[in-house]
Amino acid sequence: MLEMKNKQCREIWSWNRNEEMSLIEDCLRNYRFIAIDTEFPGSLRQTSQDATDDERYNDMSFSVDRTKLIQLGLTLFDINGRIGGTWEINFSDFGVDDARNEKSIEFLRRNGLDLRKIREEGIGIEGFFSEMFWILKKTRNITWVTFHGYYDIAYLLKCFTGEALPFTSERFSKAVARILGSVYDLKVMAGRCLGLSSRLGLESLAHELGLNRVGTAHHAGSDSELTARVFAKMAKICNNVQESEGVVFGLGYRVISDRLKQKLHMIHHLMMKSSYRLPPPPPPPFPLLRPMFGPYFPPSGGFVLMPRVSLS
């Protein structure tokens, strides 16, 4: 096992990929929650606020299918909120002539992303996700955590399968359940937690919870690390967090993993059991009185003379 000397964000480039992938594999043995964030070239279509679920999905899939991931942030942590490590993976695939939203690219540059360095020293998307897929195959019960993660989850699905996204949002949710499994979206959780709101951004949500950012905003590693800590804090103070499992903000269908399916089946079974009541048992039979006539009772009636007992 390789030793992780510090828990700060570790960047993955072409020259340190093998060592860092080994660290991720080791870390997954004890940390089964993965908070994620992605940086990508922006949306190619503008989606109106009153769009239907189908329209929202079509716009999202149109953009994701035609653009390439720039960065992926992964933070591994456990159920108690202890962080095992944070990685920022830089991908070399995004070129100068690839599809983009120019405003989004300029926004990333202003926040410090060196797109030229990423292109020259980053790693290939296909190779990383192929290796990551086999690492995850060895690990069970992974839980993915996002903030407003519709696009994040879509890029993961596209990169893991190497295929275009499913044609409908219903098929998309089923594919996510099959490939990724259990997912949480902090934006959904915030909308269901007393005192918080789904209108809050990640930074504002962290501020409400008394958490400070480590690193630079809009860098995938820092955003994923903050997402992990916000989730751990909300899991402690919000009621019924598990009710948000599989609900992704903006997606019209719930992502029902095998684990969630078992939970829902158990809940349904308990509800059916409690609603079906057996009829009350019949009242006990009237108690039998002692027979008036015993085997030694005179058959012709009369009194039975009992021997006199002397008390002296």
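Every value quoted in this text rests on a predicted model; they were computed, and no experiment measured them. Below, each value reflects all heavy atoms present in this structure, side chains not excepted, and no hydrogens, waters or symmetry copies.
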Could you give the side-chain donor-acceptor pairs of residues 64-75 under 3.5 Å, partners two or more places apart or in another chain?
{"from": "Asp65", "atom 1": "OD1", "to": "Leu165", "atom 2": "N", "distance (Å)": "3.0"}
{"from": "Arg66", "atom 1": "NH1", "to": "Phe62", "atom 2": "O", "distance (Å)": "3.1"}
{"from": "Thr67", "atom 1": "OG1", "to": "Ser63", "atom 2": "O", "distance (Å)": "2.7"}
{"from": "Thr67", "atom 1": "OG1", "to": "Tyr155", "atom 2": "OH", "distance (Å)": "2.4"}
{"from": "Lys68", "atom 1": "NZ", "to": "Asp98", "atom 2": "OD1", "distance (Å)": "3.4"}
{"from": "Lys68", "atom 1": "NZ", "to": "Asp98", "atom 2": "OD2", "distance (Å)": "3.4"}
{"from": "Gln71", "atom 1": "OE1", "to": "Ala220", "atom 2": "N", "distance (Å)": "3.2"}
{"from": "Gln71", "atom 1": "NE2", "to": "Glu88", "atom 2": "OE1", "distance (Å)": "3.3"}
{"from": "Gln71", "atom 1": "NE2", "to": "Asn90", "atom 2": "OD1", "distance (Å)": "2.9"}
{"from": "Thr75", "atom 1": "OG1", "to": "Thr86", "atom 2": "OG1", "distance (Å)": "2.9"}
{"from": "Thr75", "atom 1": "OG1", "to": "Ser224", "atom 2": "OG", "distance (Å)": "2.9"}
{"from": "Thr75", "atom 1": "OG1", "to": "Glu225", "atom 2": "N", "distance (Å)": "3.1"}

Return a table of donor-acceptor pairs under 3.5 angstrom between the side chains of residues 186-201 and protein atoms on other chains or two or more places apart.
{"from": "Lys187", "atom 1": "NZ", "to": "Ser198", "atom 2": "O", "distance (Å)": "2.6"}
{"from": "Arg192", "atom 1": "NH1", "to": "Glu243", "atom 2": "O", "distance (Å)": "2.9"}
{"from": "Ser197", "atom 1": "OG", "to": "Arg199", "atom 2": "N", "distance (Å)": "3.0"}

Please tabulate, for side-chain N and O atoms in residues 146-154, each donor-acceptor pair with protein atoms closer than 3.5 Å (sequence neighbours left out).
{"from": "Thr146", "atom 1": "OG1", "to": "Tyr184", "atom 2": "O", "distance (Å)": "3.3"}
{"from": "Tyr151", "atom 1": "OH", "to": "Ser43", "atom 2": "OG", "distance (Å)": "3.2"}
{"from": "Asp152", "atom 1": "OD1", "to": "Thr38", "atom 2": "N", "distance (Å)": "3.3"}
{"from": "Asp152", "atom 1": "OD1", "to": "Thr38", "atom 2": "OG1", "distance (Å)": "2.4"}

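Remark: His207 engages no residue in a ring pair (Phe, Tyr, Trp, His ring centres under 6.0 Å) (not counting sequence neighbours). By the ring pair (Phe, Tyr, Trp, His ring centres under 6.0 Å) test, Phe128 is found to be paired with Phe91, residues two or more places apart in sequence or in another chain being considered. Residues passing the ring pair (Phe, Tyr, Trp, His ring centres under 6.0 Å) test with Phe160, sequence neighbours excluded: Phe129. In terms of the salt bridge (Lys or Arg N to Asp or Glu O under 4.0 Å) criterion, Lys137 has no residue partners (sequence neighbours excluded). By the ring pair (Phe, Tyr, Trp, His ring centres under 6.0 Å) test, Phe133 is found to be paired with no residue, residues two or more places apart in sequence or in another chain being considered. With sequence neighbours left out, Glu203 forms a salt bridge (Lys or Arg N to Asp or Glu O under 4.0 Å) with Arg213.
Grouped by direct or indirect side-chain proximity (heavy atoms under 4.5 Å, Ile/Leu/Val/Met/Phe/Trp/Tyr only), Val96 sits alone.
No more than 12 heavy atoms of other residues, nucleotides or ligands lie within 6.0 Å of NZ in Lys174, so this atom counts as exposed by the packing criterion. In the displayed structure, Gln242 atom CD is contacted under 6.0 Å by at most 12 heavy atoms of other residues, nucleotides or ligands.
Residue pairs satisfying the side chain to side chain donor-acceptor pair (under 3.5 Å) criterion with at least one member in residues 124-134, sequence neighbours excluded, are listed as follows: Arg17-Glu131. Sequence neighbours left out, not one pair with a member in residues 70-184 passes disulfide bond (SG atoms under 2.5 Å apart).
Taking 4.5 Å as the limit, every side-chain heavy atom of Thr161 sits out of range of all side-chain heavy atoms of Arg178.
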